[in-house]
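Each chain gets a letter, A, B and so on, in the order its sequence line appears, and its residues count up from 1.
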There are 2 protein chains.
Amino acid sequence: MPDTETFDLQDFLPYLLNEAADATSLEFQRYYKDRYGMLRTEWRVLFHLGHYGMMTAKQISDSARIHKTKISRAVAALEEKRFVQRERDEVDRRIENLWLSKTGQAAFRDLSAQAAQYDQIFMAKVPEADREALRRCLRVIADIQTPVSRPTPR
Amino acid sequence: MPDTETFDLQDFLPYLLNEAADATSLEFQRYYKDRYGMLRTEWRVLFHLGHYGMMTAKQISDSARIHKTKISRAVAALEEKRFVQRERDEVDRRIENLWLSKTGQAAFRDLSAQAAQYDQIFMAKVPEADREALRRCLRVIADIQTPVSRPTPR
DNA sequence: TGTTGTTAGTTACAAAACCAACTAATACGC
DNA sequence: GCGTATTAGTTGGTTTTGTAACTAACAACA
């Protein structure tokens with residue numbers, strides 16, 4: 001229980017979370033960077049399109065809680081790499097519909113598999129009994145509602 | 001248990017950790033930014049000096065796992081703000097000894113208190129029973145040894 | 001000693017993130 | 001319909017970060 005005078009940085013929740021986040025992200029980040037020249041936001045956008053199917057930039061922005069300028073640039077980069085295709089919506093011409101190309105889908109499958117593997121490596125470090133509790137705690141802290149009212153998968 | 005085809009981003013550990021880290025950092029970050037014009041690295045350096053007393057940039061870099069260039073810039077910024085003072089070591093003239101000024105100490109006390117408060121706010125969200133387990137899990141994942149072999153406090 | 005290697009810390013340049021202002025299209029109220 | 005507000009998405013300029021090369025001081029060992 002952190003106390004003003006005595007508490008250690010190592011007990012401070014934001015610090016622990018940031019360190020843990022960095023630790024778990026590092027190797028995976030290197031993978032998609034080296035392999036596909038992707039940035040973190042690009043991977044997240046790719047993941048959303050791979051997982052949920054066709055979406056607009058706005059929907060991804062809301063779902064992933066990433067600012068629209070970052071989405072915009074990530075989409076441009078992914079298009080440049082031929083992972084993503086887009087087309088302006090016929091009905092509402094402000095909107096652009098985004099989806100993965102074949103190449104993008106292949107990258108998505110590869111990266112998902114990789115992600116699942118890294119996930120297991122890190123989860124293996126925490127005691128079996130604590131695993132579900134850990135995810136639950138993190139969801140509560142991050143204020144993420146359990147996957148329900150989200151864009152329909154596929 | 002994330003599976004290649006079906007797992008949701010919301011189950012993926014790095015994602016959860018990053019979201020949780022962002023959530024817990026945001027308000028506190030705003031506080032030290034608005035109040036003292038500090039960046040995250042500056043707060044961490046300030047914290048180390050406040051908590052452990054006089055240190056060198058290298059020691060902070062090792063302890064906080066922050067690259068030396070970031071430390072260098074943070075120290076320069078903190079010195080500019082009159083929070084930190086430095087003096088070249090008499091014996092080993094490569095080294096600079098760093099310590100907090102009175103103003104720096106006051107900021108440290110304020111920010112520590114604030115940090116402890118934010119910590120409690122977020123910890124309150126997780127069930128009493130899970131709290132110690134959560135910190136333990138995070139330390140394991142971040143590969144942080146429990147505070148033992150560190151620079152002597154004070 | 002003096003040559004080579006290592007360590008502490010800074011600087012410079014490129015990559016990325018942040019924020020604010022912008023365009024183009026739609027919705028809303030009358 | 002017409003003026004105003006709102007929404008989707010992009011662009012530009014400034015901060016921050018990341019990376020590599022640099023300086024200065026010490027260490028090690030022939």
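Nucleotide C:dT6 holds its C1' atom 12 Å from the CG atom of B:D92, rounded to whole Å. Rounded to whole Å, atom P of C:dT11 lies 13 Å from atom NZ of B:K68. For the pair A:R94 CZ and C:dC28 C1', the interatomic distance rounds to 12 Å; values are reported in whole Å. Taking atom CG of B:L78 as the reference point, atom C1' of C:dT10 lies 16 Å away to the nearest angstrom. Following rounding to the nearest Å, B:R88 (CZ) and C:dT10 (C1') show an atom-to-atom distance of 10 Å. Distance A:H67 NE2 to C:dC19 C1': 7 Å, rounded to the nearest Å. Note: CD (B:Q59) to C1' (C:dT7) measures 13 Å, nearest angstrom. As a whole-Å value, the separation of A:E42 CD from C:dA15 P is 14 Å.
We find the CG-CZ distance between B:L46 and B:R44 to be 13.0 Å, quoted to the nearest 0.5 Å.
Heavy-atom nearest nucleotides on DNA chain C were determined for A:R93 and for A:R73, and the one closer to the 5' end corresponds to A:R73. Heavy-atom nearest nucleotides on DNA chain C were determined for A:T41 and for B:E96, and the one closer to the 5' end corresponds to B:E96.
Residue contacts for A:T56: at a heavy-atom cut-off of 4.0 Å it reaches the sugar-phosphate backbone alone, with no base atom in range. Residue contacts for A:I71: at a heavy-atom cut-off of 4.0 Å it reaches no nucleic acid atom on any strand shown. Looking at heavy-atom distances under 4.0 Å, A:R86 makes contact with sugar-phosphate atoms alone, never a base. Nucleic acid contact class of A:S61 (heavy atoms, under 4.0 Å, all strands): none.
On the nucleic acid side, DNA chain D has its first and last nucleotide under 4.0 Å of a heavy atom of chain A at D:dT7 to D:dG13, going 5' to 3'.
A:S25 and B:N18 share a donor-acceptor pair across their side chains, judged by distance under 3.5 Å alone. Of the N and O atoms on the side chains of A:Y15 and B:D119, not one donor lies less than 3.5 Å from an acceptor on the other residue.
Aromatic rings of B:Y32 and B:F28 (six-membered ring for Trp) have centroids within the 6.0 Å cut-off, being under it.
Distances shown here put every side-chain N or O of B:K58 at or beyond 4.0 Å from the OP1 or OP2 atom of C:dT7.
When atom types are taken as modelled, the side chain of B:R82 and the backbone of B:T103 share no donor-acceptor pair closer than 3.5 angstrom. In this structure a side-chain-to-backbone donor-acceptor pair under 3.5 Å is missing from A:R86 to A:E96.
Side-chain proximity of B:S72 to the nucleotides C:dT11, C:dT7, C:dA27 is greatest for C:dT11.
Of all heavy-atom pairs spanning A:D143 and A:R65, the tightest one is O-NH2, 2.9 Å.
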